[in-house]
Amino acid sequence: MEKDGSQDIAAEIFAQEDPIFRNKSLVEVEHVPSPERIVGRDDEIRALSTELRSAVNGDSPENVILYGETGTGKSLVAKHVAKAAKSNAGDVRIGTVYVDCSTDDTETQAISSIARTLNDEAVTDIRVPETGLAKAAYYTRLYAILDQQYDVVITILDEADMHPDDQILMSLSRAVETGKTDCRIGLIAISNKVRWAEDLNDRVKSSLQPRELNFHSYDANQLRAILSHRRDAFREGVLSDDVIPLCAAYAAQDHGDARQAIDVLRNAGMLAQRDGSDVVTRDHVEDAKMEAEKDRFRDLIGGLTVQKKLVLSAVTALHKGTDDDEFSMAQIIETYTKLCEATGTSTRSDRRVRDFVRRLAFLDILELRKQNLGRAGGITIYARLQPDHDLDIVHQTAMDDEQFVVTDSEAENASLDSF
DNA sequence: CCTCCACCGGAAAAGATGGATC
DNA sequence: GATCCATCTTTTCCGGTGGAGG
């Protein structure tokens with residue numbers, strides 16, 4: 001390879017004007033639109049602002065639970081309103097924190113994250129390490145920070161249902177009454193499970209006394225408006241007329257997920273770019289939607305641990321090696337054990353494998369059926385691959401890992417021997 | 001109708017990991 | 001370097017389940 005030549009090629013490509021995108025960041029996931037571009041959520045913004053109103057006077061804001069499907073603007077509205085509260089606060093020192101509970105999915109991690117976001121080390125002279133402290137130590141430091149820096153803090157807990165227990169809600173909502181801090185704390189808990197708010201146990205509910213706010217899904221018109229606001233991401237004339245309505249329609253069919261609509265729009269643009277086309281067409285949108293679904297699934301399987309992949313491989317091997325279309329737990333475990341031997345991987349206990357199978361079912365990769373065989377076998381779980389997944393794709397993806405490679409013949413042997 | 005088998009799945013304990021602190 | 005802490009993974013233990021077979 002000639003160095004000069006390849007450098008020229010690279011330089012040439014970098015120097016080219018992007019034929020499709022003018023400002024791609026507008027269709028990136030993280031992009032937060034400016035307030036006037038938030039579409040169709042006026043009622044929600046008004047309602048949430050009302051609940052938080054007392055914050056700007058230095059009094060306790062109400063605690064609020066926001067729920068609704070993914071991509072209905074819950075986080076967006078929460079962030080927007082919190083920010084607005086802060087900038088309209090006058091002399092009151094308002095702090096705002098945003099915690100993504102799917103990342104910080106334990107109480108300690110969340111508290112640590114909150115403390116580190118709010119902390120200005122120059123002011124408080126308090127250090128907050130990421131991990132390693134006892135839970136109580138994080139709380140102590142957090143309260144010290146609150147007292148020194150803030151009158152009111154608005155805490156947004158996104159994906160709050162990801163926390164196994166709701167201790168964090170309890171602790172934070174009761175911090176003032178138990179005398180831990182003088183700082184007022186307003187919680188905004190966001191969940192996309194409607195039932196979550198109902199399931200909150202009574203103790204939590206009575207100390208939170210939350211207001212509930214339901215975010216309904218976007219309809220096709222609103223989605224179209226949302227996407228239209230972002231069409232500046234593309235160059236003039238690049239989007240043919242039916243592209244935005246089509247993206248909107250796809251997302252509306254699902255459950256009105258704005259994020260999904262934007263993703264499809266972006267990917268359609270990127271596909272057009274790859275084709276060397278200078279317009280985004282209907283076909284690009286359709287391909288983008290297909291790609292998005294496949295990628296999501298490939299990522300899902302690719303992200304599984306070695307052990308889970310082996311269990312999944314066992315199921316796909318059974319599908320390929322036999323005529324049956326569902327398999328008992330005993331069969332799966334036996335095949336799994338053989339695959340482990342073939343690949344030199346250590347096996348896990350049966351109980352553990354049962355967990356893996358259930359986990360795969362939870363991810364909608366496997367489908368389970370429970371049957372009681374009476375004295376002949378007691379309760380037995382039967383599993384099979386979700387019918388709408390392509391067996392070959394799953395099989396190949398599952399058997400390919402840096403840690404091990406299962407050859408087809410090994411898989412076949414393992415599945416055949418299990419009778 | 002009643003029993004009883006063998007698997008399921010909850011709970012607790014044990015191990016492993018990674019970081020902070022003194 | 002020893003000790004503590006939180007969390008994740010895995011194992012061990014065991015009571016519950018519910019229909020086939022008596």
Side-chain angles (χ1 to χ4, degrees), chain A residues 99-119 121 124-145 157 159-172 199 201 300-301 303-315 318 324 326-337 339-341 343-363 365-384 401-404 418-419:
Chain A
V99 190
D100 181 356
C101 299
S102 62
T103 326
D104 298 322
D105 61 352
T106 68
E107 193 187 345
T108 311
Q109 278 169 21
I111 293 299
S112 157
S113 172
I114 292 172
R116 273 177 294 119
T117 310
L118 290 175
N119 189 26
E121 214 176 312
T124 58
D125 201 27
I126 296 174
R127 272 199 62 232
V128 183
E130 263 192 68
T131 61
L133 292 189
K135 186 158 52 192
Y138 280 108
Y139 274 109
T140 310
R141 293 189 191 190
L142 173 61
Y143 294 142
I145 292 165
L157 296 168
E159 313 267 341
D161 48 81
M162 297 298 282
H163 279 231
D165 57 29
D166 308 305
Q167 193 54 46
I168 187 170
L169 297 176
M170 281 282 286
S171 304
L172 290 181
D199 288 352
N201 68 50
L300 189 61
I301 294 183
L304 296 174
T305 60
V306 178
Q307 288 291 331
K308 287 181 193 125
K309 280 187 189 172
L310 280 166
V311 173
L312 183 56
S313 300
V315 177
L318 282 165
D324 298 348
E326 60 175 16
F327 310 99
S328 70
M329 191 64 87
Q331 279 177 291
I332 294 170
I333 290 175
E334 190 175 347
T335 309
Y336 153 82
T337 310
L339 283 180
C340 284
E341 273 166 27
T343 58
T345 318
S346 62
T347 61
R348 295 291 178 270
S349 66
D350 293 5
R351 179 68 187 80
R352 188 69 182 136
V353 176
R354 285 207 288 275
D355 280 342
F356 291 149
V357 170
R358 287 209 307 174
R359 180 72 196 152
L360 291 171
F362 180 76
L363 295 172
I365 299 172
L366 297 183
E367 204 172 74
L368 302 186
R369 184 173 66 86
K370 200 174 179 179
Q371 192 186 343
N372 197 318
L373 272 51
R375 327 172 81 145
I379 292 168
T380 306
I381 296 281
Y382 288 97
R384 66 166 171 182
D401 192 288
E402 309 86 47
Q403 310 265 336
F404 68 90
S418 57
F419 285 100

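Letters go in sequence order (proteins before strands), and every chain restarts at 1.
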Exam field: side chain S112(A) to backbone T108(A), donor-acceptor pair closer than 3.5 Å: no

query: Is a side-chain donor or acceptor of Y138(A) paired with a backbone partner of P129(A) at a separation under 3.5 angstrom?
result: yes

field: Carboxylate-amine/guanidinium proximity below 4.0 Å for R354(A) and D350(A)
entry: no

task: Nearest whole angstrom, please: distance from the C1' of dC8(C) to the CD of E107(A).
output: 17 Å

query: What integer distance in Å separates Y382(A):OH from dC7(B):P?
result: 11 Å

- request: Please report the C-alpha distance between D355(A) and R359(A) in whole Å, then the side-chain angles of each, then the deciding distance to 0.1 Å, and finally whether the salt bridge (charged side-chain N to carboxylate O under 4.0 Å, His left out) criterion is met.
  value: CA-CA 6 Å; D355(A) 280 342; R359(A) 180 72 196 152; over 6 Å; no

- prompt: Distance-only, no hydrogens or angles: does the Q307(A) side chain make a donor-acceptor pair with backbone N or O of S346(A) under 3.5 Å?
  reply: yes

message: For F327(A) versus I332(A), what's the shortest heavy-atom pair and its separation?
response: O-CD1, 3.8 Å

message: Whether T380(A) contacts dA6(B) is assessed here as follows: a side-chain N or O lying under 4.0 Å from the phosphate OP1 or OP2. Is that the case?
response: no

query: What pair of heavy atoms forms the shortest contact from I333(A) to T337(A), and how long is it?
result: O-OG1, 2.6 Å

message: So does S113(A) get a backbone contact from the side chain of T117(A), meaning a donor-acceptor N/O pair under 3.5 Å?
response: yes

- line: A correct 5'-to-3' footprint of nucleotides 10-22 of chain C, with B, S and - meaning base, sugar-phosphate only and no protein heavy atom under 4.0 Å, is BBB---BBBBBBS

task: Classify every nucleotide of nucleotides 13-22 of chain B by which part a protein heavy atom approaches to under 4.0 Å, writing B for the base, S for the sugar-phosphate alone and - for neither, in 5'-to-3' order.
output: ------BSS-

